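One structure below.
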Amino acid sequence: MTTTLLLWSIFLAQILLVVAMACATFRVLRGPRAQDRVLGLDTLYVNATMLLLTFGIRTGSTLYFEAALIIALLGFVATAALAKFLMRGEVIE
Amino acid sequence: MKRWFPYPLLTAALVAMWLLLTESVALGSILMGAILATVAVWGFAALDPPGGRLKRPRAAFALAALVMADIARSNLAVVKIILNPRKTERVSGFLHIPLDMRAPYGLATLACIITATPGTIWVEYNSANNTILLHILDLVDESTWIDTIKGRYERRLMEIFE
Amino acid sequence: MELILALGIGVLTGSGVWLLLRPRTFQVIIGLSLLSYAVNLFIFSTGGLRTGAAPVLERGMAGSLASHADPVPQALVLTAIVISFATTALFLVLLLAARGLTGTDHVDGKEKSR
Amino acid sequence: MSDALLLLAATGLPFIGAIVAGMLPTHARNTAAWLAGAIAIIGLGLVWAAYPTVAAGGVIRHSMAWMPSLGLDLTLRMDGFAWLFAGLVFGVGALVVLYARYYMSADDPVPRFFAFLLAFMGSMTGVVLSGNLIQLAFFWELTSLFSFLLIGYWHHTAAARDGARMALTITATGGLCLFAGVLLLGHIAGSYNLDVVLASGDKIREHALYLPALVLILMGALTKSAQFPFHFWLPHAMAAPTPVSAYLHSATLVKAGVFLMARLWPVLAGTEAWFWIVGSAGLATLLVGAYVAIFQNDLKGLLAYSTISHLGLITLLLGLNSELAMVAAIFHILNHAAFKASLFMAAGIIDHETGTRDLRRLSGLNRFMPFTTRLAMVAAAAMAGVPLMNGFISKEMFFAETLTAQASLPLLLHILPFAAMVASAFAVAYSLRFIHGAFFGPDPVDLPHLPHEPPAWMRLPVEILALACIIIGLLPAATVGPYLNMAAHAALGAATPEYSLAVWHGFNTPLVMSLLALAAGVTLYFLLQPLFRRNIEGPPFISRLEGRRMFERSMVFLSWRLARTLEGLLGTRRLQPQLRLVVCVAILAAGWAVYRRGLGPGNLVPQGIDPVLALIWVIGAACALGAAWQAKFHRLAALILLGGTGLVTCVTFVWFSAPDLALTQLLVEIVTTILLLLGLRWLPKRLPSTGTSEVMRTGRRLRDLAIAITAGLGMAGLAFGVMTRFPPEILAQHFLERAYTEGGGTNVVNVILVDFRGFDTLGEIAVLGVVALTAYALLRRFRPAPDSVDVPEQQRDQSAYDIARPERREGDTVADWLLIPSVIARLLFPVVGMVALFLLLRGHDLPGGGFAAGLMGSIAMILQYMLGGTQWVEARLRVLPLRWMGLGLLLAAGTGLGALLFGRPFLTTYFAYADLPLIGEIPTASALLFDIGVFALVIGATMLTLIALARQSVRGHRAAAPRVSATSAPAVPGPILGGAPTTAPTGAPTAATGDD
Amino acid sequence: MNGWPMSAWMNHLVIAPIIIPLVVGALLMLIDERRRALKAALGVASASVLLALAVLLLYLTDHTATGADATVRVYRLGDWPSLFGIVLVLDRLSAMMLVLTGILGLSALVFALARWQKAGAHFHSLFQFQLMGLNGAFLTGDLFNLFVFFEIMLAASYGLALHGSGLARVRAGLHYIAINLAASLLFLIGVSMIYGVSGTLNMAELAVRIAAVAPEDRGLLEAGAAILGVAFLIKAGMWPLGFWLPNTYTTVGAPSAAIISILSKVGIYAIIRIWLLVFGESAGTSAGFGGHWLLIGGVLTIAFGSIAVLATQNLARLAGASVLVSSGTLLAAVGAGQAAVTGGALFYMTSSVLAIAGLFLLIELVERGRMVGADVLAVTREAFGEGEDEESDDDDAIGVSIPAIMAILGIAFMACALLLAGLPPLSGFLAKFAILAPMLAQGAEGLPFTTWALMAALILSGLATVVAMSRTGIDVFWASPAGDLPRVRLVELGPVMMLLALCVALTVQAGPVMRYMEDTARSLHGPERYVQGVMTTAAPGTGKGAAP
Amino acid sequence: MTHLADLPVWAAIPVALLLLLGASLALIGSIGFVRLRSFYERVHAPTLGTTMGIGSVLLASMLCFTVLQSRPALHEILIAVFMIVTTPITLMLLARAALYRDRSEGSDDVPSAPPAQTTAPSAPDAAPPV
Ligand code: NA
Ligand code: NA
């Protein structure tokens, strides 16, 4: 019973998250401005983090935790670099 | 002591992080964490971090609780806005707020609080006149927002950091 | 599931090949990156797709394929990732050098050779 | 003297002499001449020493293994036939050396000349003494090579260069054909040994490959002997010094072709094919050569065409499939050598003394050099076939043969005697022209030099040869009879016919023919007088068929126009077609294999489709397609979409139980994005392309789209095929079972990477290191394109804004912008560092490892660079990438080498669980050390590349706007990276990121 | 390990050709760029040791066995059973390739001491890694490890190819890298497919398992092999995959070109090794898979290479096109699938590797003395001015003395030309003979079309080379407008002379060398000993470090 | 998925609810990201995910693993901290970059640059020079 409940809720949550990712992807594809695309990538990263966490719960393994941790800790580096590129025209001055 | 542990609070935080990472409170882990944290902090010190100390740690915890509550509330507010787009009277816009605080860590924390709170975002900081520019999703009343930021957060942060 | 991943690999390959055949160096480098994703997934797929298999062993226990994921393709992919990362970096540097020397970002180092 | 020594000395001495001569000083004329002469004389002596054995019908042999397994031995073999030729080579060689000593100018660097001459002599000896077909081809090509060098001796003249090249091209081509031919012949006979081959005549003639072998061998022989239609190189070879012509074109080079035909006559001749090919080539050459010779104005040109004609005569004789004709051919080879060598020398004397060889300028030399005139007259008479001269006898034999020749087509039989007479009449005419034109008639006017008799020593060789012409003509049986007999027997064996070498055979048809030809020739010469006086260039009727021009044209066409066109058609220098070909060939190759065997899905039942993953891949596909779509005009969008694809890949790895891969993929993704962004700054603004027509572009795109779709479908099919088969288990099972017990780690992937297959990892980090070095080296020379030198527009904008306001200093905008991020980023520095170390230390047991940790460490540093700027960071952190790299590699390799100390193979790991006080049990595996090496290298390599890239901006700033550093960028205290001076000149950022 | 005669340390000799350059390369990274003498000394010392080592290994491999009874020395890395770990395998072929690498490495490095080492950063490190990659590729017995060593080799070759930078180099380098990256991807696809079907990465094991592959899986396996083959053929420069090759080699600096010229042979090596091992007679229905494509492709490559040889006036490009001819010849000869022909092919490979390397080095020296634009002038003369008898003939009858250095260069050039054209007296001629003679020996009566085609291709390519080389040689040495005499240093001339001297030695000692090649070929075509050698060491490891 | 059966109902229900809550917040944020009109409005939307969204999921995870492993699973806290600390960096940098881009294009929807003022104290020393 609890298994079913959990499985379904995890499944549902994952679906919601993937749809959220799809929304973000839409912005990445659509733009219209570069900042929208960058923000889309950032959103994609955040949603993916959550997806990985739900996956961890589903498999009962904490091993996927690191991947989520890395995104949380370093996912912003790529988007920050993109932002810097927009603002300054180069990433490292 | 100061030479070896220039930033004791940071060292402690790093040891705590290490323990969380290793999911262990064994003596070995603590020792290892301490060694690594010490070394890591030297790296931090090499970067010429701005000066500043956490003067009232307890106030910091209080602020954290406050911020969490605010974030939760803002979440709901933003959910409403997104799910109900036909509500036309909502106005979003920019807002200049002059600040009194100049402590870098305080400013950083304020920026994090503002940005992490749904519905508000720190856009620009002007060091020349110590003003920040925010963008606010639901800008019904500018003065309320100024009060919130200055009274609710800046004051507390100045207590903590200055 | 296999079908999904196979199609995914196919789309990555198709996009990569398309870009590989384009005239601009940046297109080519993006194409190569997409292709290396495709290839990495392809190598990975030789181990079979296993959801929920344990990736690491229990301490002190020997593992078995019944409960654990196939580590071999994973190790191969890791090596491949590193190498393609390195070569992508090099290609980037080279395309910059070419761009600097030739003034163009055409793969042939000159605009419209024919 | 032993046979072996004799043969080796005869072949080897000339080469040794050549080397010695080549090393003599430039003007050691006498030494070189003495050396060459001595060697020729010794060679002659050696040949003479062999006479007793050979005369008795014996064969001298010496064989040494060379490539025994392939049937190639170095076999020297002298029978009577070879003896005769060897004698010619050395005998005429000796005379030519003597002549050359006086002919060549004192200023000429003659040691080189004699070196080539000796080497040629050796090669020629090698040809005639070869007892192995391959070896024969070997020396054959050497004669081509050295004749090339001899002809081109005066290479400062275009004529010499062109003549040499033409001779080489033609004769080397023939040589290559010959090579193929003897390969076939050896294949048929079962051996390359000449004795074996000569004994298998019937087998060869009946073999299916007889015709190809014959054609190929004849290609060699006919080109060498300047037979029609390959004859045209020979006249141009006259650009060589006259001694060379005298040697090459009388007794040696051109005779090699007829030598070969005669040598292989017993096995190749006797067939219709032989008759038609050899006979018609000979006949055509005989006539064409003689006809053209009449109209030559150059003495040597005349002699050259006469040589061609006489070689045609010999060839025709060989082609008649008659043993008697064969004997006549051998005899004429001998005679021709004697009179042609002397005529060339005479022509050389005239050239030497008067400064010209032009028959239109020469005249009446008889009065100035009467003795030379007599000598030339004798030789010319021999050439014309005047009775009592040696040429007469062999010509008589030739006429006789034309009358009795056997062939299937009677028509040709009727033509042959007439053709022979016509050619003979032409020979009389050109001989007459040589003598009459040069030596008689009015006194010459306006000659470059005043002529007189040459030095006695220079005339001596001519005298000897002219004497030979007369003596042989008078007493053929007594003088050359035995030798000819010996040679004929050696060449023909038991089939040698009866023949008679006499001056007088009675008043028979050949004699009538001779006399008719003589009369006709004389008449023809005088009839043609008006024509000669009209300063004609080239022979009437066929002057347009100038071989050289055709050759040059065809060479230019073949090797330039055609080759270039073909290269353009069949190849490309553009990248896109090349990549297209690579992709297409790969598709075709895989498709072909699959088509042969079929490829169905495997028997593994596919798992059900998880909608979550399916949706994820919808996103992945959208990102990939989007990246493909945007990469041209929206590079940043493409880059972001690439990131999206990478993220989807990463999630997929997680989905299918590969956390290590996900981790690594993610980190690589981040670093790659930054790398590409760093590059983006230097790329040009993308403007919509113009130029090519829309139709063409659409066409190309459709084609590429088709290729891309095919490739995608193909890969999808293969992937599906692979995934629906039972995955391989053996390795996986083995590793899973032993990773912990024998590798000491629970993260099997990591154990594989650092232990089971640690060697791969060692290689992989080497790749990383090498790439970083290359990138660094390349970037040191980086010059931005003119349109991207400038500081980016944004920065100029923001600086201008700051400058325009009194309360702001330049740089305030960016400083304000980065204030908060940089405070946080600095706090993150130790945090990320510790997480990296965490990943490193636990990698053996849990996801992580040296590579992921290294990348993380690099990202921590890159973040500082991004938010603090290069100079700011380098003023504070001493990153020594090269040191990290070097030490990392050494540590990894050293860990592997440690095993050697314990007598174990490289990379054998050691692990134990050490029980430390306080800390407790910790695993100590040598693999960890290895992983630390990996970690260090990855940090070093990544930083080296990134910093090198990033520094380009700093250089750019300095180059573009020196004022920026004065106002906004604060002076950098202390050493920057590696202690290089802070303000290194823009052009030389030496060791900026290197370790000092 | 079977048949090791000497002490335990000798066992480790097999790994030394990989580890020595790795360690030296890493050490060189740590030494400052300015201490060039030290770097050069270290580099040359390493290259010398490697050559000596290779010769020793060749001796050890050859003298212990005769004929196909080959000694196969297997080195199990990490002491794991060869089935599960990575093994290095030393047999006659590997030993021979190691020696070739050693020779080329030492000559190119010594040559580079004069100038090239200064042309850019980290030359010596890159060079050591190049040697490491080559040696590793020749030694490894594992498919994926082969990929890794290919990458090391390529990465280093990128560095060396771009060494000195410059427009032409960068432009060609971009193509070189792009195509090789594509090839690497194909390599990975191929290897993973083979692994997916056969379950092994060990080449010997693969040879054993191939016969037992289920029929329905064979298509996949062969598709993998075909894709892998394409990757190798790209490196080997087969038409139509090899257009990058002459373009790259033309622009690369001389010592780099000399060492990189062996890279195309690595592609050939991989094909010889894997194709003969895996798709030999014991491969069941896959036996001889794709061999005729090799033959056809080889002949086409010879044809295209010859055309390219003819079409160029540029010396370096001529050398690059010669690499294509050489590759084509080898591919076709190997594709013939007969042991005796393979033996000849190996002889040819040795000869052409030495000759081409020599030529690349030589070209640099020759070009040094040439006037700028001499090529253009020659082209114009060739294409338009057919008759140019305008030269005064006053001093026709007096030769021009050639300066000693030009004479030496000229002789060396002629030697290279002869070697490449396959003309006597040097080993090129014997090499062609060694390929053609056994090819002919096969057909009892008529010869198959392919034999004719190959024979024609070889003859015509020789002809094209003669035409092109004589044209170029005449232009450079006889007809060139007198430029300055090239300044040639002994360290530059020495390597060229050494390479050519080796070709002379190859000619003189053709018998013994050919014996070695034939033995090699026989054991390649009958790889039982190789397989057995690797598999017998597949016994469980003799215990690892202390178990927990 | 046998481990899920080990989870008692009292824990399973909150885990399920928290997961759904977190995912819903993330989704709503992303929907907002799609639907909101301007970039400055859209930039607020993802914050739902990065704060309460991920917070809920982390809580679910902590709860789940604490119960399953019978010991406190706290390392999820790190993710939360990192998210809180790092997300603002991106958003701040991006919002300001967008502002710059809009200003430089002369867009009317953004406030123009602050008017010139009298001399003011200089930036804190902390600001790293670039
Ligand atoms: Na916010
Ligand atoms: Na973030």
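What you see is a predicted model; the values in this text were computed from it and never measured. Chain letters run A, B, ... following the sequence lines, proteins first, then strands; residues in each count from 1.
Put simply, of D/Val654, D/Thr942, D/Asn747, the one with the most heavy-atom pairs under 4.5 Å next to chain C is D/Asn747. Listed options C/Asp70, C/Leu78, C/Thr102 were ranked by heavy-atom pairs under 4.5 angstrom with chain D; first place goes to C/Leu78. Per-residue counts of heavy-atom pairs under 4.5 Å with chain D were compared for C/Ile9, C/Thr87, C/Ile30, C/Leu65; the largest is that of C/Leu65. Chain C forms more heavy-atom pairs under 4.5 Å with one residue of D/Thr774, D/Leu639, D/Thr645 than with any other, namely D/Thr645. For the set D/Leu713, D/Thr649, D/Ile709, the entry with the most heavy-atom pairs within less than 4.5 Å of chain C is D/Thr649. Your options are C/Val77, C/Thr25, C/Leu49, C/Leu101, and the one with the most heavy-atom pairs under 4.5 Å with chain D is C/Leu49. When the candidates C/Gly109, C/Gly103, C/Ala89, C/Ser64 are compared by the number of heavy-atom contacts under 4.5 Å with chain D, C/Ser64 comes out ahead. Of the listed residues (D/Leu661, D/Val749, D/Asp660), the one with the most heavy-atom contacts under 4.5 Å to chain C is D/Leu661. Most heavy-atom pairs under 4.5 Å with chain D: of the set C/Leu96, C/Leu76, C/Leu20, C/Val11, this distinction falls to C/Leu96. Contact count versus chain D (heavy atoms, under 4.5 Å) is highest, among C/Ile83, C/Val28, C/Leu34, for C/Leu34. Interface remark: of the candidates D/Thr945, D/Val722, D/Asp704, D/Asp704 forms the most heavy-atom pairs closer than 4.5 Å to chain C.
Contacts between D/Phe720 and chain C at a heavy-atom distance below 4.5 Å involve backbone atoms as well as side-chain atoms. For D/Val583, the part sitting under 4.5 Å from any heavy atom of chain C is the side chain, from C-beta outward, and nothing else. Neither the backbone nor the side chain of D/Leu604 comes within less than 4.5 Å of any heavy atom in chain C. There is no contact between D/Leu641 and chain C, counting heavy-atom distances below 4.5 Å. Heavy-atom distances place both the backbone and the side chain of D/Pro606 under 4.5 Å from chain C. Using a 4.5 Å cut-off between heavy atoms, D/Ser788 touches chain C through backbone and side chain atoms alike. The parts of C/Leu5 that come within reach of chain D are both its backbone and its side chain, each placing non-hydrogen atoms under 4.5 angstrom from that chain. Proximity to chain C involves both the backbone and the side chain of D/Leu705, based on heavy atoms less than 4.5 angstrom apart. Contact annotation for C/Leu95: only side-chain heavy atoms (C-beta onward) come within less than 4.5 Å of a heavy atom of chain D. Contacts of D/Arg580 with chain C are made by both backbone and side-chain atoms, with heavy-atom separations under 4.5 Å.
Within the 4.5 Å cutoff, the side chain of D/Leu675 has no heavy atoms near those of the C/Val93 side chain. Within the 4.5 Å cutoff, side-chain heavy atoms of C/Met1 are placed close to those of D/Trp655. Counting only heavy atoms from C-beta outward, the side chains of C/His68 and D/Val748 never approach each other to under 4.5 Å. Between D/Lys632 and C/Phe26, every side-chain heavy-atom pair lies at or beyond the 4.5 Å cut-off. Between D/Ser657 and C/Thr51, every side-chain heavy-atom pair lies at or beyond the 4.5 Å cut-off. C/Arg22 has its side chain within reach of D/Arg701: a pair of non-hydrogen atoms, C-beta onward, lies under 4.5 Å apart. At least one side-chain heavy atom of D/Phe653 sits under 4.5 Å from a side-chain heavy atom of C/Leu41. Side-chain contact between C/Val56 and D/Leu846 is present, with heavy atoms from C-beta onward closer than 4.5 Å.
Residues satisfying the salt bridge (Lys or Arg N to Asp or Glu O under 4.0 Å) criterion with C/Asp105, sequence neighbours excluded, are C/Arg24, D/Arg635, D/Arg686.
At a heavy-atom separation below 4.5 angstrom, chain C is approached by D/Leu613, D/Ala614, D/Trp617 within residues 611-620 of chain D.
Remark: side-chain polar atoms of C/Arg99 are paired, donor with acceptor, to backbone N or O of D/Trp682 under 3.5 angstrom.
At a cut-off of 3.5 Å, with distance as the only test, no side-chain donor of C/Glu2 or D/Thr724 sits close to an acceptor on the other residue.
Put simply, the residue from D/Leu575, D/Leu579, D/Val582 that forms a side chain to side chain contact (heavy atoms under 4.5 Å, CB included) with C/Leu21 is D/Leu579.
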